[in-house]
Structures are given as C-alpha cells and as structure tokens.
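These values consider heavy atoms only, across backbone and side chains, with no hydrogens, waters or symmetry-generated copies.
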Amino acid sequence: MEDRENSGGSFGGRFNKLISEHEFSADENTPDSNQETQQVSMSMVRPESSLKHYKLLAVSLAVLAVILLAVDISLGVSYYKLTDGLYLVTDINSELAKLHASYNTAIQRRDEAKKELANTIKEQQLREWEREHLASTRKSYEKEADNIQLEIATLNSHLPMIREGCRHCSAGWTFMNSACYYFPFSNVLVSRSWQEARDFCKKQGGDLAVIDSQEKQLALSELINKYSALAGYMALSGFWIGLRDVDEEGTWKWLDGRRLTVSFWITGEPNNQGNEDCAATYPRSNPFFAWNDAPCNHHLKWICEMAPRFAS
C-alpha cells in the first residue's frame, strides 16, 4: 500500500511538476517565440511547398544569369563593332584627306595645263595670223607680178602697132585700120561711166570709138579678148563705145548722129533692163555677138578713137 501510495505520490508529483513546467513555459512564451514556433511548425507541416519555392527561385536566378550573360555578350559585340566603326571612320577620314590632297594637286595641274594650253592657243593664233599675212602678201605680190606680166604681154602685142603708131598717133595710142585707138588696159586707170569715159577721150583729142564695120569689130575684139584672157576678166570687162539711144528708145545712133546699120549685139540684146541707154563691147569668143546695152552710169573700161596724123 505504501508502495502504491509512494508510487502514486510519485506519479502525482511528477504530473504536478510537468504541469508546473508547462505553465512556466507557457508564461515565458512571447509573441516572437510564438511566431517562430508557428513558422517551424508550418515548415514541419508543409515541406513540399518550400522545396518548390526554392526550385523556382533557383530557376529564376539561372534565367537571370543567362539574360545577363546574353546582355554582356551583346554589349561586347556592340563595343567591338563600335570600335571597328571608329577605326573605319578613322580610315575613311584618312582616305578623304588623301583624296582631298590628290584633288587639290589635280586642280593645280589642271590650272597649269589650262594656262599652258592658253599660251599654246595664243601662239598658234599668232602663227595663223602671220601665215594669213604672209599668204595675203604673197597673193599681193603674185597679183602685182601678174599685172606686170599682163602689161608686158599687152605691150608686146601692141609693139608692132605702136611702132607704126608712133608715126601716126600720140604716145600710148595704137594704130589700127587707119585710125588711132586708146585702150585703158592699165589698172592705174579705174573704170568710168559712159560720159566720164567720153570726156577723157575728148581731152585727148578724140572721142569714144565708132565701130561701124566688120573689120573694125574683128580687130578691136581680138585685142580686148587677148587682154581679158590675160587679166582673167570676162563679165566686168566691157568697153564703152560711142553708141546710145538716149534720144529715142530703141533707136541707136553713133556720136556723129548716124543711125546704127551694122550691129554685133549679144543674142537677146539690147533689152533695156534698168534704163540701159549706152552700148559697150565685151570680150567674147564669137566677136559677132559681143555688144550689150548697159546703164550709162555703170562703170566700165572704154575705147577712144582719134584720126591719125600722116607723116611725110
């Protein structure tokens, strides 16, 4: 009994001790200790949820690390490209500077070439002018030589008649068909109008030639044809003669008032185009068609006629 009681007392004492300790522990618990106890309790209660949370966090960190690595690689590549671009820009600037220097050199050479070309063109122009001047001078000398040769040839052709004319005619006149004739073959005497030519002849003691026979026409045509062939004149080498129709149109008369009976007109002439009232003879291969009517104020050469003086 005593043992039971002792044992019962012992149990009771232990129970009371546990209760007292529990109460003491309960009294000593603060809110913080309660919270930690709750968290520990919950961790002990839900271990799978905590593990998933850690795995998600680890995956997120890994993804973030990959993203950061990609960004770092991208920045590295961009930096490399930027550095490459800077080197490229530097190279381009260097090439541009070289090209600019080459361009300036080319411009300078171009300007020098232009100056040289201008000087060459100027010298060439001077040479061209000099050549034209020499050619003009040569032509002038050739023309003068031709005139001299013409006068020599004319004098040679006239020489027999001049020798004869010296006895019957004044100096410079030609004796033909029992008459003295003057031909202004020299270029010193310019062409004249019909009236001016007649005045010249009258001052010399004669008048414009009267060609009233075939013999006179053939002799005079031969002389003026030879002269015109040597001089190269044809269209402008007419010679005034003493024939006109000023009193009545179409009625041609010689200076002594005789009406024209024997004529040597060019085919279709006289046609009186432009008030053509004076007659002239022209160098023609056919001496029977050599006359033409022309305006009296037109300037031509002329033929003077004068009676010869007979030597004893």
Side-chain angles (χ1 to χ4, degrees), residues 158 161-162 164-165 167-186 189-225 227-228 235-284 286-311:
H158 280 66
M161 293 178 286
I162 291 173
E164 184 67 21
R167 297 189 305 158
H168 305 289
C169 305
S170 301
W173 290 64
T174 302
F175 184 72
M176 290 191 308
N177 295 322
S178 301
C180 296
Y181 295 94
Y182 177 83
F183 301 87
F185 289 141
S186 175
L189 295 174
V190 297
S191 300
R192 303 186 180 193
S193 66
W194 188 91
Q195 187 59 50
E196 290 171 344
R198 187 182 185 191
D199 292 340
F200 176 89
C201 294
K202 293 179 75 172
K203 287 181 181 179
Q204 302 298 320
D207 209 334
L208 287 174
V210 175
I211 309 175
D212 54 358
S213 68
Q214 179 175 316
E215 290 76 17
K216 286 185 178 182
Q217 174 64 23
L218 294 177
L220 295 175
S221 291
E222 181 180 0
L223 194 58
I224 64 175
N225 282 345
Y227 163 75
S228 298
L236 299 178
S237 59
F239 290 78
W240 291 124
I241 59 176
L243 183 67
R244 58 182 178 172
D245 66 345
V246 292
D247 296 332
E248 181 182 353
E249 182 60 38
T251 302
W252 292 87
K253 294 181 181 180
W254 295 109
L255 295 177
D256 56 7
R258 290 179 297 131
R259 297 185 61 166
L260 178 66
T261 56
V262 179
S263 63
F264 303 95
W265 297 108
I266 297 172
T267 302
E269 302 295 340
N271 56 14
N272 194 39
Q273 289 186 355
N275 195 25
E276 297 174 329
D277 294 329
C278 294
T281 182
Y282 286 78
R284 303 278 290 186
N286 186 343
F288 292 96
F289 299 93
W291 293 359
N292 186 23
D293 58 340
C296 296
N297 59 357
H298 194 56
H299 283 208
L300 296 174
K301 296 289 187 177
W302 63 94
I303 303 174
C304 295
E305 182 179 355
M306 183 172 60
R309 61 175 182 267
F310 292 96

J.: How long is the span from the OG atom in Ser193 to the CG atom in Asp199, to the nearest 0.5 Å?
T.: 8.0 Å
J.: Just to verify, what does Glu249 make a side chain to side chain contact (heavy atoms under 4.5 Å, CB included) with, not counting sequence neighbours?
T.: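 With sequence neighbours excluded, Glu249 shows a side chain to side chain contact (heavy atoms under 4.5 Å, CB included) to Asp245, Asn272, Asp277, given in chain and number order.
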J.: Can you tell me how far CD1 of Ile211 sits from CD1 of Ile303, rounded to the nearest 0.5 angstrom?
T.: 5.0 Å
J.: Within the 4.5 Å heavy-atom criterion, are Pro308 and Trp173 side-chain neighbours or not?
T.: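 No, side chains not in contact.
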J.: Roughly how far apart are Cys201 SG and Leu208 CG, rounded to 0.5 Å?
T.: 4.5 Å
J.: Can you check whether Phe239 and Tyr282 have ring centres sitting under 6.0 Å from each other?
T.: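 Not close enough - the centres of the two rings lie 6.0 Å or further apart.
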J.: Taking the side chain as every heavy atom from C-beta outward, state whether Tyr182 and Thr174 have any pair of such atoms under 4.5 Å apart.
T.: no
J.: Leu220 versus Met176: any side-chain heavy-atom pair under 4.5 Å?
T.: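 Answer yes - side chains close enough.
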J.: As an exercise, state the distance from CD1 of Ile266 to CG of Asn286, rounded to the nearest 0.5 Å.
T.: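 It comes to 10.0 Å.
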J.: When rounded to the nearest 0.5 angstrom, what is the spacing between SG in Cys304 and NZ in Lys202?
T.: 12.0 Å
J.: Determine whether Arg198 and Arg244 make a side-chain contact, defined as any pair of heavy atoms from C-beta on separated by less than 4.5 Å.
T.: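 Yes. Closest side-chain heavy atoms under 4.5 Å.
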J.: Pair up each side-chain donor or acceptor in residues 257-265 with any protein partner under 3.5 Å, not counting sequence neighbours, and list the distances.
T.:
from	atom 1	to	atom 2	distance (Å)
Arg258	NE	Asp256	OD1	3.3
Arg258	NE	Asp256	OD2	2.6
Arg258	NH1	Asp212	OD2	3.4
Arg258	NH2	Asp212	OD2	3.2
Arg258	NH2	Asp256	OD2	3.2

J.: Keeping Trp194 on the side-chain end and Ile241 on the backbone end, is there a donor-acceptor pair under 3.5 Å?
T.: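 Flag set: sc Trp194 to bb Ile241 pair under 3.5 Å.
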J.: Going by heavy atoms in the side chains, are Met306 and Ser170 under 4.5 Å from each other?
T.: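 Yes. Closest side-chain heavy atoms under 4.5 Å.
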J.: How would you list, by chain and number, every residue that makes a side chain to side chain contact (heavy atoms under 4.5 Å, CB included) with Asn271, sequence neighbours excluded?
T.: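 Only Glu269, Gln273, Glu276, Asp293 meet the side chain to side chain contact (heavy atoms under 4.5 Å, CB included) criterion with Asn271.
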J.: What's the spacing between Cys169 SG and Gln204 CD if we round to 0.5 Å?
T.: 12.5 Å
J.: Distance-only, no hydrogens or angles: does the Trp240 side chain make a donor-acceptor pair with backbone N or O of Arg192 under 3.5 Å?
T.: yes
J.: Between Gln217 and Phe288 (side chain of the first, backbone of the second, donor and acceptor by atom type, cut-off under 3.5 Å), is there such a pair?
T.: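 Checked: no pair found.
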J.: Answer yes or no: is there a donor N or O on one side and an acceptor on the other, between the side chain of Lys301 and the main chain of Pro184, under 3.5 Å?
T.: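 The answer is yes, because a donor-acceptor pair under 3.5 Å joins these two groups.
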J.: On the 0 to 90° scale, with breaks at 30° and 60°, tag the Trp291-Trp254 ring pair as parallel, tilted or perpendicular.
T.: perpendicular
J.: Within the 4.5 Å heavy-atom criterion, are Lys216 and Glu305 side-chain neighbours or not?
T.: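 With C-beta onward as the side chain, the pair touches.
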J.: State, yes or no, whether a side-chain contact exists between Asn275 and Pro295 at a heavy-atom distance under 4.5 Å.
T.: no
